[in-house]
Amino acid sequence: MPMVEKTKLSKLASKFIGWRMWVQSAFLLVWLDPLGLRMHTVCSPVFHCYACPLSTFACPIGIIAQFGALHIFPFIAVGLLIAVGVLFGTLICGWVCPFGFLQDLVAKVPTPRFDLPKWTGNLRYVVLIVTVLAVPYFFGEGHWLFVCRVCPAGALEAAVPNMVGQAIGGKEIIWPSALKLTILGLFLIAIFFIKRPWCRILCPLGAIFSLFNRVSALFLRFNPYQCTECKQCHKMCEYGIEPEKSPNDSRCVRCLECVGCGPGALTLGSIFENSKTNTPLDIEKLE
Amino acid sequence: MLTKNTKIIVFFLFILLGAVLITYGAVFHSTNVLPQNQDGSPAVAKSEPALIKEASVGGVRRDESGKIKQTYTGQSPEACAT
Ligand code: SF4
Ligand code: SF4
Ligand code: SF4
């Protein structure tokens, strides 16, 4: 029986797992523009609204939708998402994205949490195809289903601060549409009762990254010989995934919580490491 | 199911594709944009990074004839879609 292979990468990952929130906080210094650089000629690989007063970069989803409305191919945004996706997959969601972090913070509040049926994860692809690609291209940015018009990140990070600014400045307050306010209200309620509802059900950027989970350079490696079928990882995963069955599930946000399972059957792997359990095919061979 | 070597090849192909798209967009891609003041001035070519900046404040629109027009510059308007 092969022994646990603790590679440098998996050792490093195990050290950082307890520090995930701090890593997410540190990335806020990149996204929240503390130096006032406002580099909006560049897209970021995370979900952070470019209309937020504190945003260093442009939102890639907003740019893809806006370019779609202009009938121009967004080479930079698409190239960036392909490159980042194939390097990290949804590791971006678990460790880097500020909107995921916000939902993680609220998840610390001890309210009852409800699980979601597996199929709800597919709604993200519907959101991507309808609100980011089809509606912008065929109906333009004025359509009510244009992604930025229904996006809770835009409402929370841009509309709310703008309204507060208008109120403080004694100006007339410009309210977002009723639809957007409803979505924001539902989002603010949902984050208290469902772990990362936006990421799991609706996020078009998470949908794109999840498509790369099976081929990304960094991935969740499962060693079947190390697994004692204790099902500890099922309890550790707050997203309803059974990591030993589908370690690179499209619903996984790669928070790496399950890597802490006692027998150590799950580790962070890289396609460049020499490992007996490097790819799903290699695992089959071992079996 | 993919073998390790296939995975590495797929990875490099995607990285290459991403790099080519980013380079093309950043260096070569531009779009003609009609100026904000519709006084008959000709369209100016805007690079993709410049267009990303304009799009991020909703400052460009496509009219019925398919032409891209600058609608305003600077900060996003208070009634912005976001
Ligand atoms: S409203 Fe949402 S999709 Fe649009 S730019 Fe802002 S964060 Fe991105
Ligand atoms: S699913 Fe979307 S919002 Fe959630 S962490 Fe990933 S990119 Fe960010
Ligand atoms: S399978 Fe593991 S890494 Fe993925 S979401 Fe669940 S706990 Fe996090």
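Chain letters run A, B, ... following the sequence lines, proteins first, then strands; residues in each count from 1. All heavy atoms count here, side chains included; hydrogens, waters and symmetry mates do not. From a predicted model like this one, the values you see are computed outputs, not experimental measurements.
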Atom pair [atom1] ([X]) and [atom2] ([Y]), whose distance is rounded to the nearest 0.5 Å:
X: B:Lys7; Y: A:Arg214; atom1: NZ; atom2: CZ; result: 8.0 Å
X: B:Ile52; Y: A:Cys59; atom1: CD1; atom2: SG; result: 11.5 Å
X: B:Thr6; Y: A:Ile271; atom1: OG1; atom2: CD1; result: 10.5 Å
X: A:Phe73; Y: B:His29; atom1: CZ; atom2: NE2; result: 9.5 Å

Query raised in the report: Quick one: what part of B:Leu51 sits under 4.5 Å from any heavy atom of chain A, side chain, backbone, both or neither?
Result: both
**Report entry** Which portion of B:Val60 sits near chain A, non-hydrogen atoms under 4.5 angstrom
**Finding:**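 Both parts, heavy atoms under 4.5 Å.
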Query - Listed partners of B:Asn37 passing side-chain hydrogen bond (donor to acceptor under 3.5 Å, both in side chains), at least two apart - result: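 With neighbours one apart ignored, the set is empty.
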Report task. Sequence neighbours left out, what passes side-chain hydrogen bond (donor to acceptor under 3.5 Å, both in side chains) with B:Ser30? Give chain and number order. Result ->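 Here no residue qualifies.
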Query - Top contributor to chain A contacts, counting heavy-atom pairs under 4.5 Å, from B:Ala26, B:Pro49, B:Gly66 - result: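 The answer is B:Pro49.
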Query raised in the report: Who wins among B:Ile8, B:Thr23, B:Leu17 for the most heavy-atom pairs under 4.5 Å with chain A?
Result: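 Sorted descending by pairs with chain A, the first entry is B:Ile8.
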Query - Sub-4.5 Å side-chain heavy-atom contact between B:Ile15 and A:Leu87 - result: yes
Atom group of [X] that falls short of 4.5 Å from chain B, counting heavy atoms:
X: A:Leu70; value: both
X: A:Ala58; value: side chain
X: A:Ile72; value: side chain

Query raised in the report: So, B:Arg62 and A:Glu141, do they make that salt bridge, N to O below 4.0 Å?
Result: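 A:Glu141 and B:Arg62: not salt-bridged.
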Query raised in the report: Can you check ring-ring contact (aromatic ring centres under 6.0 Å, His included) on B:Phe28 and A:Phe75, steps first, answer last?
Result: CA-CA 10 Å; B:Phe28 302 109; A:Phe75 289 97; over 10 Å; no
**Report entry** A:Glu273 backbone acceptor or donor facing B:Lys4 side chain under 3.5 Å
**Finding:** yes
Query raised in the report: Can you name the closest pair of heavy atoms from B:Ala55 and A:Tyr50 and give their distance?
Result: O-OH, 4.0 Å
Report task. Identify the heavy atoms of A:Ile76 and B:Glu48 that sit nearest to each other, and give their distance. Result ->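 Looking at all heavy atoms of both residues, the closest pair is N-OE2, 2.8 Å.
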